[in-house]
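Here is the structure we will look at.
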Amino acid sequence: MKKQVNDLLITDIRRLNHDNFLIELKSESPVGAIHPGQFVNVKAENTPSAFLRRPLSVHDINEDANTFSLLVKVVGEGTKKLSELKPGETLSVVYPLGNGFKMPSKGDRILLVGGGVGIAPMMHMARESVKNGAEVHILLGARSITDHILLDEFKQFGTIHITTDDGTLGTKGFVVNHAVLSANQSFDRIHCCGPEPMMKAVARKAREMNTECEVSLENMMACGFGVCLCCVTKTTEGNKCVCTEGPVFNINDLEWQI
Amino acid sequence: MKKQVNDLLITDIRRLNHDNFLIELKSESPVGAIHPGQFVNVKAENTPSAFLRRPLSVHDINEDANTFSLLVKVVGEGTKKLSELKPGETLSVVYPLGNGFKMPSKGDRILLVGGGVGIAPMMHMARESVKNGAEVHILLGARSITDHILLDEFKQFGTIHITTDDGTLGTKGFVVNHAVLSANQSFDRIHCCGPEPMMKAVARKAREMNTECEVSLENMMACGFGVCLCCVTKTTEGNKCVCTEGPVFNINDLEWQI
Amino acid sequence: MANLEVKIHDLILKNPVMTASGTFGNGTEFDDFFDVNTLGGILLKGTTLHHREGNDYPRMAETPSGMLNAVGLQNKGIDYFCEHIYPKVKEYSTNVIVNVNGSTIEEYIELAARVNELNHIAAIELNISCPNVKQGGMAFGTSCPMAEQVTKAVRKVYHKTLIVKLSPNVTNIAEIAKGVEGQGANAVSLINTFLGMAVNAETRKPVLSTITGGLSGPAIKPIALRMVWQVAQAVKIPVIGMGGIASTSDALEFIIAGASAVQIGTANFIDPTLCVKIIEGINDYCERHKIKSISELIGSLQL
Amino acid sequence: MANLEVKIHDLILKNPVMTASGTFGNGTEFDDFFDVNTLGGILLKGTTLHHREGNDYPRMAETPSGMLNAVGLQNKGIDYFCEHIYPKVKEYSTNVIVNVNGSTIEEYIELAARVNELNHIAAIELNISCPNVKQGGMAFGTSCPMAEQVTKAVRKVYHKTLIVKLSPNVTNIAEIAKGVEGQGANAVSLINTFLGMAVNAETRKPVLSTITGGLSGPAIKPIALRMVWQVAQAVKIPVIGMGGIASTSDALEFIIAGASAVQIGTANFIDPTLCVKIIEGINDYCERHKIKSISELIGSLQL
Ligand SMILES: Cc1cc2nc3c(=O)[nH]c(=O)nc-3n(C[C@H](O)[C@H](O)[C@H](O)COP(=O)(O)OP(=O)(O)OC[C@H]3O[C@@H](n4cnc5c(N)ncnc54)[C@H](O)[C@@H]3O)c2cc1C
Ligand SMILES: Cc1cc2nc3c(=O)[nH]c(=O)nc-3n(C[C@H](O)[C@H](O)[C@H](O)COP(=O)(O)OP(=O)(O)OC[C@H]3O[C@@H](n4cnc5c(N)ncnc54)[C@H](O)[C@@H]3O)c2cc1C
Ligand SMILES: Cc1cc2nc3c(=O)[nH]c(=O)nc-3n(C[C@H](O)[C@H](O)[C@H](O)COP(=O)(O)O)c2cc1C
Ligand SMILES: Cc1cc2nc3c(=O)[nH]c(=O)nc-3n(C[C@H](O)[C@H](O)[C@H](O)COP(=O)(O)O)c2cc1C
Ligand code: FES
Ligand code: FES
């Protein structure tokens, strides 16, 4: 799908909990062409401290309505401005960007791991993986029960596994403490998105389990389409741009000390 | 009244025509202490091209509700942002600023002249002048009939005289073409606010009529309370700050070539 | 309460927050907004030997996250200052510092000598970096030998704390800082404004009456911070940092980069109570980070 | 349609809008967004003799109305360029210009000689102003004698249009512009980024891996505009203006101040189609103001 920059109509905006919300955007090009794990780069408001665009994963798509949604956590001025938008307004979006996840084949058994707002790209990934005929397991980690969102939606696409740091829901501890991430489990592939320490811990487990593993990185970006060279990560083949050669990387290609 | 900076509640915001709107603000200090002709300095949104505050005249006050209003014309980014505010939101306001008009005594016959959005301070002035027992005439000029606003409101306080550049309402021409600004009229004082060429033309008439005349200037301001020295105008006593020693000046004190 | 006291040579500031010259009037303009004595110190507006009318209007242009000014040191001169302004500002219990400006070395000397007589003026800030005057000003601050010369000359007649205010419009600001340190400056303050320009595309005319003016505000903060860091590494005397400070975090960044104190300039125009908020914010930060004294923070950048 | 054609020595630009090196990749990254051939010219990303990995991540910090970058000239070197990039970019019908960077004069010479061989490269832009490399870079651009030396050396081996890109981190940019003009530069382009810095107050660490980086974006526009105006008055060769251009009005302001052409940099990141909008905007302006040829506008500032 060709990259484009467009003012897209906001068809819905919905607060999910204290700091997460969903924005639904009407696309001009067929959303079916967006690959799971790809992201968009948005500009809500020309505020001085949110000068650049803000990269956000495509959370889910709706082919019938030709809309896609973003799951956003409010962390600073840019995301706060986004949260104040209203349906009927438009948002400037550059999309689709990045490579996306490797898709499973029919019969593959895969595990999607999302920590915090890292669950964002996993809905789209789960939906498309099920379409491909894969068996999907979804491991979701958060600090506490009130931080877990969209569990019913995820349940549509596979088996859900939950952890909370404080034990208020599911297994107490981090995602890597969950039984689904242990050597007696066998997956064709693990796909992971979340805070870097969590992704590194999952990558370590995947190594132990001898399982292929992909992670989605969130480096700081200035352009999002490969021209500024600001977003690099070290790989076995030297610095690569997270925005064009990622955000999804196989852990074997990264120079992570794990 | 002590100057203050406060986030004031917007109690009403109302579009009057294509480019003018009214904002009503709930004051924390008694609005009765605001002098006609004083202004406020507001900050709607920290946008890069509207970096500084925006000076706006106090249009009118409501002592019962303890509110005051601003009459704003959308000319650029700052005023556009203001126009998008909603009742219930707050606006950061530094107020009250400047000197204000010289008030009439009982029985004085005065003429208020407003051109374009220069009519803004005249409602408050008219209201207080009537309270003082003055006879108030109000001359309002605009490009065309659709640019004339608030005529009914002004009528409460005195006799209205109208001009339009295109003759669609009242006398055709500029305010100085109106009969009320002619030597056979006698006023104790003329108070004028509008574009500079218009104020200069009125000042010239006032000289001819041998009538005291005050004008309210709109120089570019950075601070609004006398510390940056950016807003100066040349007077018979040298450069003076429009924000503290004005915005209202007696035309005899200005170095205008009229 | 953390201990926010800092020393700038003989000056004891109860906290590191001061106001920048030309953005705080003579302090009295802020009396309505807050008690000026809560500040670490105030810098009065630029004073010259003789009365100056300043430049013609327009003197200001807004720019992205900043502004250009071309005030041109409008002030009533040192006689008026001594007679009318000093009697008021000497009542402040905080440090009151005069910003002195000359078009020649002789003028700087005469001014400094006059201010030296005023008991309640704690220090002078030698402005060798004003971009808005035809003579002197920035010319002194953009040449190392001239900066040294004027500092040396003033040092002879001025016996209290001598702060030299540096221009950012130079290739090597650390070199100039070292130069004036060598001539007896007790502290350096930086930065003054960048020489900038605004054009009205519709009329094809400059926006400012003087064509160019001085750029200030958040836009210049990254460059100011870099210069403060470079200068703090180059000199042993205290560095007073400024340029675009608009929040507690901004002020802390300058202190961490090596500033012993900061000055708030343009941001006063937008929030006249900002200085007070920043003093409170710095205290909160210290408590949150278990910092007992602000001195632990100065130049604490971890490389 | 107004006539938007401008000449930069031997280069004929169909309009004065180019892209700034390091912000436009090799052009192909924009193919999805618009037809790159509609531009007056494109500046390819900085090329060095040898492969460079660039600096460590993080390389970017957002600042008020601007950004700092510390990319450090990541590129695959001139051999890779000739083999893999040149075959693609030579197909563009617009002017394609290579931005060359050395750590020594010898490297500049070798690079320029290599690019001289490439038929479809219309010009080189000699980058003597990169603030993000340890050796060379800005050191050449902040010293007049060194700027002259490198220009002179390159002039000997490079026979097409030679543009020298100036650093704003200097006391007197006009002096350096005159210096390189004297050594045979056919045009100067300015400005490169300002050396700036960002600090994270919470962690007390620099934000960038390299501590300092280059400031670009609208924040620097007023200073860039002033420098373009000063340089345009000092030299006879064409001036290419840049620094914070983000709208048609910005571009026009540079042209009115004396730039024969402009480059759009950081703003491409925010609106990848901006260049096209600015070309249209300039044409609209000319029609509205009854300007037949853009050349009437260049340096038309009314004082
Ligand atoms: C490929 C990619 C996909 C992402 N997907 C999502 C998503 O689906 N949902 C979501 O909520 N967030 C996502 N993020 C993170 C999101 O971009 C940042 O949270 C957002 O940019 C912060 O903007 P702000 O103005 O609110 O915060 P700021 O005030 O700018 O910063 C707050 C914090 O966020 C970090 N941050 C700021 N800008 C970026 C940036 N450009 N990239 C990474 N981190 C940044 C800062 O270091 C700081 O710690 C993604 C990031 C990337 C790179
Ligand atoms: C004392 C005073 C009282 C005023 N009262 C009113 C009022 O009651 N109602 C009203 O609508 N307007 C009033 N104005 C004018 C108003 O301040 C400007 O229209 C407004 O600041 C423009 O902001 P902007 O961001 O929308 O436009 P910009 O995009 O900033 O500029 C648009 C135009 O307005 C001019 N302008 C911008 N800033 C200022 C400024 N600080 N002072 C003067 N002119 C400026 C510019 O030169 C430009 O031509 C007053 C101005 C002053 C000084
Ligand atoms: C309107 C205005 C007037 C100024 N006048 C002076 C002055 O008289 N003397 C001086 O040394 N600096 C003067 N400055 C510079 C400031 O003191 C300060 O160095 C500069 O603005 C950078 O800080 P800021 O970005 O916080 O404003 C002035 C700045 C402004 C905006
Ligand atoms: C991410 C980035 C990379 C850059 N790389 C180069 C470069 O390789 N060579 C060069 O001469 N300038 C480089 N520059 C500087 C720009 O070409 C331009 O001079 C500067 O950014 C000012 O223009 P702007 O404000 O429009 O971005 C780079 C700028 C940025 C932001
Ligand atoms: S964000 Fe610019 S190259 Fe990746
Ligand atoms: S606007 Fe600052 S002194 Fe008047």
Side-chain angles (χ1 to χ4, degrees), chain C residues 61 63-68 131 142-143 167-172 194-207 211-215 217-230 244 246-257 285 288-289 297 300-303, chain D residues 61 63-68 131 142-143 167-172 194-207 211-215 217-230 244 246-257 285 288-289 297 300-303:
Chain C
T63 69
S65 299
M67 62 173 276
L68 290 164
T142 52
S143 144
S167 171
N169 299 290
V170 295
T171 309
N172 189 342
F194 277 94
L195 195 62
M197 177 172 173
V199 169
N200 182 328
E202 287 303 314
T203 60
R204 288 188 244 169
K205 289 190 184 143
V207 177
I211 310 177
T212 60
L215 182 66
I220 65 170
K221 196 196 82 174
I223 320 179
L225 195 58
R226 181 264 296 179
M227 289 182 165
V228 164
W229 180 68
Q230 287 179 329
S247 69
T248 297
S249 172
D250 291 340
L252 288 165
E253 292 163 25
F254 277 83
I255 292 169
I256 292 165
Y285 175 94
R288 194 155 45 80
H289 287 264
L297 215 54
S300 65
L301 188 70
Q302 286 161 31
L303 300 182
Chain D
T63 69
S65 299
M67 62 173 275
L68 290 164
T142 52
S143 144
S167 172
N169 299 290
V170 296
T171 308
N172 189 342
F194 278 95
L195 195 62
M197 179 173 171
V199 169
N200 181 330
E202 287 303 314
T203 61
R204 288 188 243 169
K205 289 189 183 143
V207 177
I211 310 176
T212 59
L215 183 66
I220 65 171
K221 197 197 82 173
I223 320 179
L225 195 58
R226 180 265 295 179
M227 289 183 165
V228 164
W229 179 68
Q230 286 180 330
S247 68
T248 298
S249 172
D250 292 341
L252 288 165
E253 292 163 23
F254 277 84
I255 293 169
I256 292 165
Y285 175 94
R288 192 154 48 80
H289 287 264
L297 215 54
S300 64
L301 188 71
Q302 287 162 33
L303 300 183

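Note that the coordinates shown come from a computational prediction; the quantities given were computed from them, not determined experimentally. Letters A, B, ... mirror the listed sequences (proteins, then strands); counts begin at 1.
- Residue C:Leu195 touches chain D through both its backbone and its side chain, counting heavy-atom pairs closer than 4.5 Å.
- Using a 4.5 Å cut-off between heavy atoms, C:Leu225 touches chain D through backbone and side chain atoms alike.
- Of all heavy-atom pairs spanning C:Gly244 and C:Ile220, the tightest one is N-CG1, 4.2 Å.
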message = Checking D:Trp229 against C:Ile211 for the side-chain contact (heavy atoms from CB on, under 4.5 Å) test, could you report, in this order, the C-alpha distance in whole Å, the side-chain angles of both residues, the deciding distance, and whether it holds?
response = CA-CA 10 Å; D:Trp229 179 68; C:Ile211 310 177; 3.7 Å; yes
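- The OG1 atom of D:Thr63 sits 5.0 Å away from the CG atom of D:Leu215 when rounded to the nearest 0.5 Å.
- For the atom pair CG of C:Leu297 and OH of C:Tyr285, the computed distance is 5.0 Å after rounding to the nearest 0.5 Å.
- Shown here for C:Arg204 and D:Ser300, the closest heavy-atom pair between the two residues is CD-OG, 3.3 Å.
- For the side chain to side chain donor-acceptor pair (under 3.5 Å) criterion with C:Thr171, the lone passing option out of D:Asn169, D:Asn172, D:Thr171 is D:Thr171.
- For C:Glu202, the parts lying under 4.5 angstrom from a heavy atom of chain D are both the backbone and the side chain.
- In this view, D:Ala198 and D:Ala61, D:Leu68, D:Val207 satisfy the side-chain contact (heavy atoms from CB on, under 4.5 Å) rule, not counting sequence neighbours.
- Using a 4.5 Å heavy-atom cut-off against chain D, the contacting residues of residues 247-255 of chain C are C:Ser249, C:Leu252, C:Glu253.
- Contact of D:Ile256 with chain C is made through the side chain alone, with heavy-atom distances under 4.5 Å.
- Judged as a side-chain contact (heavy atoms from CB on, under 4.5 Å), and not counting sequence neighbours, the contacts of D:Ser143 are D:Pro145, D:Met146.
- Using a 4.5 Å cut-off between heavy atoms, C:Thr212 touches chain D through its side chain atoms alone.
- Options C:Ala224, C:Ala246, C:Pro218 differ in how many heavy-atom pairs under 4.5 Å they form with chain D, and the most are formed by C:Pro218.
- Interface remark: D:Leu301 contributes backbone and side-chain atoms alike to the contact with chain C (heavy atom separation under 4.5 Å).
- Contacts of C:Pro168 classified as side-chain contact (heavy atoms from CB on, under 4.5 Å), with partners at least two apart in sequence or in another chain: C:Ile191, C:Asn192, C:Phe194, C:Met227.
- Neither the backbone nor the side chain of C:Ser167 comes within less than 4.5 Å of any heavy atom of chain D.
- Contact count versus chain C (heavy atoms, under 4.5 Å) is highest, among D:Lys221, D:His289, D:Gln230, for D:His289.
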